[in-house]
Structure formats: structure tokens, C-alpha cells
Protein chains: 2
Amino acid sequence: MSKVNLKKLASELGVSISTVSKALKDSYEIGQDTKKKVLEKAKELGYKANPYARYMRYQKSSTIAIVIPEMTNSFFLQVINGAESIAREKDYHLLIYITHEDAQKEIDILNHLQNGRVDGIMMSLSCTTTDYSHLHACINSNIPIVFFDRICHEIETVKIITDDFASGFAATEHLIQSGCKDIAYLSISGNLSIDNKRMQGYLEALDKHNIKQDKRRIIKCTNDDKSNYKKIKTLLTGSKKPDGIFASIEKLALTTYSVSKDLEIKIPAKLKVICFSNLATADFLNPPMTTITQPANEMGAAAASQLFKYLDKKGTEIKNENIVIKSALTVRGSTL
Amino acid sequence: MSKVNLKKLASELGVSISTVSKALKDSYEIGQDTKKKVLEKAKELGYKANPYARYMRYQKSSTIAIVIPEMTNSFFLQVINGAESIAREKDYHLLIYITHEDAQKEIDILNHLQNGRVDGIMMSLSCTTTDYSHLHACINSNIPIVFFDRICHEIETVKIITDDFASGFAATEHLIQSGCKDIAYLSISGNLSIDNKRMQGYLEALDKHNIKQDKRRIIKCTNDDKSNYKKIKTLLTGSKKPDGIFASIEKLALTTYSVSKDLEIKIPAKLKVICFSNLATADFLNPPMTTITQPANEMGAAAASQLFKYLDKKGTEIKNENIVIKSALTVRGSTL
DNA sequence: TTTATTTACGAAAACGTAGTAGTATTTATT
DNA sequence: AATAAATACTACTACGTTTTCGTAAATAAA
């Protein structure tokens, strides 16, 4: 089954490659009869223009990359879903890369992407990334990056975020209004903008309600589930136990559920839990979990759209802009 | 920031393009001094070989596609995760396409992929696909397809599946042994091999335990959540209610949870529920859900590996083979 | 009839890479 | 000293597509 290309079509029809190419593009240079013959033959043999050869002409891959830190967070799934929809619509192709929260992998991936494989990148930082030179390198190679959620302030570009500070504030205030006096904050990484902002919201809410801030109530978790389990267990078995937990990300809340289950700590009676999460099953958990739901699909779609907006009119400088799409607090059983 | 290619390097160094190319490939034809100079310059300017130009030479894109029906099923996430790991390892790139269970979208996507954009495809069928000519077309264009989970029997290729029949049998038998006398099966689509096999397992288990098969106990669900909700609600409000439900896929079990919650049907007291699922939160649901967990990560990795095995030694005919990776039954609260 | 214009096509170059073939220059062999 | 062989490089081509430019033939205008 030899490949069907312009040359093949041309030789089958006894015309030149140029003629075939132009006929397929409905060029005025080609006569009606010839056009018809070419079109028919192309259909018959199932001709499809080779995308890589096209790239050679246009220097445009019609491909973008999405780089995400992990696949176990339902937020990212929805982002991919949103991004894929827009990409399909625009006839772009979407490459997926997972850093597994590993800065080195992120660097390797970004370095690989500097060779023109993609026209642009949408990404969310790994929580272990502290140096941003691989990102600058991409920008310098003229490959635009649009960030979503876990953004990099250092890079001047479009960033799709949610109202992390306000949501962190609202989440904490909700716990306070639900009767919590001693709220712990589960941080995932001091490197992440979102984590810091959510924590700022948390701290500000404490201040507003005259609850003393306590550094020991800020638990620095990591990407290691077992270590997180231990930290949360320590927190919940200490002499002075918190009565509320605000988890910065979904999996820390689930670990909290796990610890509570094992220690037989009743949620919400003894401990109220709230977290940022896009879990489809939040409603069916025991107890149903109060969440701040990020507009993940919209964020993915927005990131892709913004990227395409720039790619469509290449040459225009991408502007440094934060696009905020608000999250929503859904009160469920874990804070009642 | 003009692009760094071989030509640029050559002109900067005052040597020919061939020399640069060969030096970078550590060819014996190039002297040590020249090699060193080229390597240094390449590093300095951040030269990265253009993948599309490479494609033109080798007719190999180093890219594969994964085509999945939806993103809301945790099974597929884990498959992507497994596939991406293997792809990274092999220095392949992974394009992602979502059919949203829409046969037409699947056809469009597969048609797009016949132009050489990818070296191979791994996919799981949409549940609305009934005609397979788009798949045959890909095979005819010499683009190998490896199926996972939702396979197409018609295509002779490698298929990664789990032991659906045995698992369906085991799930049903587990319900029976937990005391169920009247078990309903929630089907997602008669088009799907997995659904049929799971149902066969269900039916055979009923036979073995002398429970009469009843067509009305096989609920044909669709991709529409609302309609599924209604069907399950009807099932659970009828004069003769089942005491067990075996959901063929995750989301039907969640809809069952939803209906049960709304109707205040106690699980597992009044209704036992089991399903195929890879939910990370199965343990924390109310009640924790008994699941048959598919080795999703392994299946994704296996599918990618098999595809690469074939791509590595192109020309060898891909053989028609079923690779079975067993699922595991995890008993939790919903069947106690 | 001669010249201008339109129509319909083909030749060739370019995109970036890599390999084949060719060629000076140096070094080794007889 | 004459020839063979090794070394170190360059020119050129192909991959598939698109487009610019060139041109022959047909038609229109003078």
C-alpha cells in the first residue's frame, strides 16, 4: 500500500505535481476539467496532505502541547478536556506531557519542545520547579507559553487563573462561620503561586475574624502520599487538635479523609474539611465534601483559546495578562 | 530570535551544512577539532534538530495518538498515564483525541490521522461506533492500531483487554453470595465488546446459581446521564425492585448512587452495588463502593509497548492477539 | 495579420535534515 | 618516487508540499 502523495496522483493522471497541488487548492490557474479529474482521483486514492511536509512550507505545526504535573487530579482532566475541544475546533493537535511533579522532567520536556514540534505550549508548573530558565528558553525560541492555574510570575505572558486569594478567604471564612476556631492549612508547595495565594486568603480570613495565626497550623505537604499521611496523622493526634482543615488541593483532602477514617475521627462533628477540588464524586463521599470548584473546563478552553489567539496573528507580542475565572464554593456535608 | 538550524550553524562556523550534520552525529568523517567546534556552537546557540524535517528524511514522526471516548472515566486517565510514561521512555510523543462517545467524531479523527501525522494509534472505541471502515482505512494506510479495553474484533491487531467475562462472572457471583436474589445489569452499549462480555459473565453466574435470567433486568443505558438517571429511577421504584445492581461502567454506578441518595434507598441494606471502576475515591464513598478494578495503568503501558514493538521493526505484520491483564475485585461497603 | 491578453499548465526552488557520492589533501605503502 | 589508502571535508539530492515564475497555446483586440 504505497503512500498516496502529490507525485503519485500526478503520475496517475499524467499531469504535473504543481497542477495537482493547485487543483486541490481550487486555484484559478487550473481548468475545470482538470480540477474535476484531480479531485476525483484524490478521493479515489484517499489522498491526505502530509502534515510534516506542510510544516516545511509554512513553518507551522498546527500542534500545541499541554504540560501538566499529574493525572490523578480531576482538575487537570477537565482542563485537558476543555483544551482538546478548542483544539479540535481549530484543527489543532494536542500533545500531552506529564511532569509527575518532577522539575527535571519538566525541564526535559520543555527542552524537547524548543525544536518547533509545537507552535505553542499551555502548562501548569510542577510543584518542585524552582528555576525557570527552561521556560525562558522556550519563550526565547519564540514558542509562546500560556499558563493555567499554576503560573510562573516571572514569564510575561497570558495566565489563566482562578480567584485563589478570594476563594481561600471564602473557604476559611466558611469554616469559621461553621464554628471552627482552629483551622489548619494543608500546603502542597511553597513554590506554587496558587498555594501561596490560597494561604494568603486563609491568613487574611483568620485575621478578619480575630483568630491568631499559628505557623504550626500550616502543614507543608509534599508529593509523597505516605509522608503526607504521616504529617496529617501527627496533626490530628496532637494534644491540641485543629477543628477544621483547609486543603489546598484535592489529594490532601482525600488523605485527610483517609486519616480520619483510620483514626475514627468524625467529619464534620470533630473535624470540618474543605478543599479545592473538581471531584465528580464529592457528592457521594462520606461525608459529602465541601469544595471550592475551579472552572477547570473553562480554564482549559480559555488557555487554548488565548494561545490560538496569539498563534493566529503571529508576530504580535503576547501580552502579560491575568485572566481570572472565578471558582465556586459548594457547601456539602464535610462542613455542616 | 532567528531559528537555529544546520544552515545557521554552518555559516557561523564557516563550514558546510553536511559537516555540521555529520559532526553532530559524531561521524567518522569529521575531524576531532571540527566536531568539538560544532558541538560547542550547537550548544551555545541551543540547536535542536527540527522534528518535521527529520520526518521528511525518515518518514517517521515519533508520534503516536491515543484516542479515547471520554475524560470523565478514571480508567482512561490511568491509561493515558501509563501510555505517556512508555512514550516518554521511548522518546515518542503522544497526541490525545477525545471522541466524546460520538462515532462521527471518531471517524473524523481517524480520517485525520491517515496522513502520516502519527506512526501508530492506540484506541478504545466510542460506544456509538457501529461501522468500522474508518479503522480499516487506517490499517490500509499502514498505520497500525492497537486497541485497549473497548476493542474492535473485526480488525486483526493486538488488543489489550482485561478478563471481562470472568470479572463479570465474579462480580455477579459476589452479589449472589452477598445475598442478592434479583440482580440488574446496567449496560452502556450493546456495541461494545466489553459490555457484552461482562454481561455474558453476569448471565452465566445467574445460571450457575439457578437464578432465572430476566431481560427486563438488563437496563440499556446510554451516554446521556439524565436519561440514565430516569431509567435507573424507574428500575428502583418499580413494583418489583432488584436487590443488587451490577454496573458495567463507573458512571452508571455513580448515577445509581445518585438515584439511591435521592430516593433514600439504603446501600447496601436494600440494594447492593458493584461496578467496574478505577475511582481513587471508591474507599471514601458513602458507602465505600465494591469495585472490579482494571489494571488501567498497565493496560495503557502495554498498549503503548505493543505498538512500539511493532513500530521498532516496521514491516513485520502485526499479529492478531488478545493480551489479557486481569482485573481485581475489591470488596467494600456497597456489597456488605 | 500582427500584437496583446488570457488561459492552463509545468519547471524549479524552498523549508531543514541526513546521507551518498565526489574530491582535494595528507599519509602510508611499495 | 610512484602509487595506494586514509582523512576530512563539500556538493547535491531526496523527503512532500506550495508557490513563484516562466511559457506555450488559445483567444481577443488592433
Side-chain angles (χ1 to χ4, degrees), chain A residues 2-39 41-42 45-63 114-119 141-143 314, chain B residues 1-39 41-42 45-63 91 114-119 141-143 314:
Chain A
S2 77
K3 281 179 196 84
V4 183
N5 50 27
L6 292 180
K7 195 197 272 180
K8 174 93 177 255
L9 283 179
S11 79
E12 292 258 334
L13 289 161
V15 296
S16 77
I17 293 177
S18 318
T19 302
V20 177
S21 174
K22 288 172 186 169
L24 291 172
K25 292 228 142 10
D26 199 26
S27 161
Y28 67 93
E29 286 182 273
I30 305 299
Q32 290 307 316
D33 303 0
T34 312
K35 268 184 196 170
K36 203 174 156 191
K37 268 188 278 180
V38 171
L39 266 317
K41 200 62 160 180
L45 300 187
Y47 170 78
K48 302 259 162 51
N50 183 289
Y52 300 111
R54 280 180 96 109
Y55 170 89
M56 293 302 283
R57 282 290 304 179
Y58 297 124
Q59 305 288 63
K60 181 174 182 302
S61 67
S62 291
T63 304
Q114 278 170 51
N115 56 10
R117 186 177 290 276
V118 295
D119 297 335
S141 298
N142 262 322
I143 299 171
K314 195 120 190 178
Chain B
M1 202 65 52
S2 78
K3 281 178 195 86
V4 183
N5 49 29
L6 292 180
K7 194 197 274 181
K8 174 93 177 254
L9 284 178
S11 78
E12 292 257 334
L13 289 161
V15 296
S16 76
I17 292 177
S18 311
T19 302
V20 177
S21 173
K22 287 174 183 168
L24 291 172
K25 292 228 141 12
D26 200 25
S27 161
Y28 69 94
E29 287 182 89
I30 305 298
Q32 290 307 315
D33 303 359
T34 312
K35 267 185 196 170
K36 203 174 157 192
K37 269 189 276 177
V38 171
L39 266 317
K41 201 60 159 181
L45 300 188
Y47 170 77
K48 302 260 160 53
N50 183 290
Y52 300 111
R54 281 179 95 109
Y55 170 90
M56 293 300 286
R57 281 290 304 180
Y58 297 124
Q59 305 288 64
K60 180 174 183 302
S61 67
S62 291
T63 305
D91 249 311
Q114 279 170 51
N115 56 10
R117 185 178 290 277
V118 296
D119 297 335
S141 298
N142 261 322
I143 299 171
K314 194 117 189 179

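Chain A is the first sequence line, chain B the second, and so forth, proteins listed ahead of strands; every chain is numbered from 1.
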With 3.5 Å as the limit, what N/O pairs link the protein to nucleotides 11-13 of chain D?
{"residue": "D/dA11", "atom": "N7", "partner": "B/S18", "partner atom": "OG", "Å": "3.2"}
{"residue": "D/dA11", "atom": "N6", "partner": "B/S18", "partner atom": "OG", "Å": "3.0"}
{"residue": "D/dC12", "atom": "N4", "partner": "B/S18", "partner atom": "OG", "Å": "3.2"}

Heavy atoms under 4.0 Å, any strand shown: does [X] hit a base, just sugar-phosphate, or nothing?
X	value
A/Q59	sugar-phosphate
B/S27	nothing
B/I30	sugar-phosphate
A/Y58	sugar-phosphate

For A/D26, all residues meeting salt bridge (Lys or Arg N to Asp or Glu O under 4.0 Å), sequence neighbours excluded: A/K35

Atom [atom1] of [X] and atom [atom2] of [N]: how far apart are they, to the nearest Å?
X	N	atom1	atom2	answer
B/Q32	C/dT26	CD	P	19 Å
A/L6	D/dT19	CG	P	12 Å
B/K60	D/dC15	NZ	C1'	16 Å
A/D33	C/dA8	CG	P	9 Å
B/R117	D/dG16	CZ	P	16 Å
A/E29	D/dC21	CD	P	12 Å
B/D26	D/dA8	CG	P	13 Å
B/N5	C/dC15	CG	P	9 Å

Short side-chain N/O contact from A/K25 to OP1 or OP2 of D/dT19, under 4.0 Å: no

Report yes if at least one side-chain N or O of B/K3 is closer than 4.0 Å to OP1 or OP2 of C/dG16; otherwise report no. no

So which of residues 47-55 of chain A are in contact with DNA chain C, with a heavy-atom cut-off of under 4.0 Å? none

Taking the nucleotide of DNA chain D with the nearest heavy atom to each, does A/K7 or B/V15 sit closer to the 5' end? B/V15

Between [X] and [Y], what is the shortest heavy-atom contact and its length?
X	Y	result
B/L6	B/S21	CD1-CB, 3.9 Å
A/Y47	A/V4	CD1-O, 3.4 Å
A/T63	A/R117	CB-O, 3.9 Å
A/S61	A/G116	CB-O, 4.1 Å

With A/Y52, which residues qualify under ring-ring contact (aromatic ring centres under 6.0 Å, His included), at least two apart? B/Y52, B/Y55

Any non-hydrogen side-chain atom of A/D119 less than 4.5 Å from a side-chain atom of A/K60? yes

Would you say B/L39 and B/L24 make side-chain contact, with heavy atoms under 4.5 Å? yes

Does A/L13 have any side-chain contact (heavy atoms from CB on, under 4.5 Å) partners at least two apart in sequence or in another chain, and if so, which? A/V15, A/K37, A/V38, A/K41

Under the side chain to side chain donor-acceptor pair (under 3.5 Å) test, residues paired with A/R54 that sit two or more places apart: none

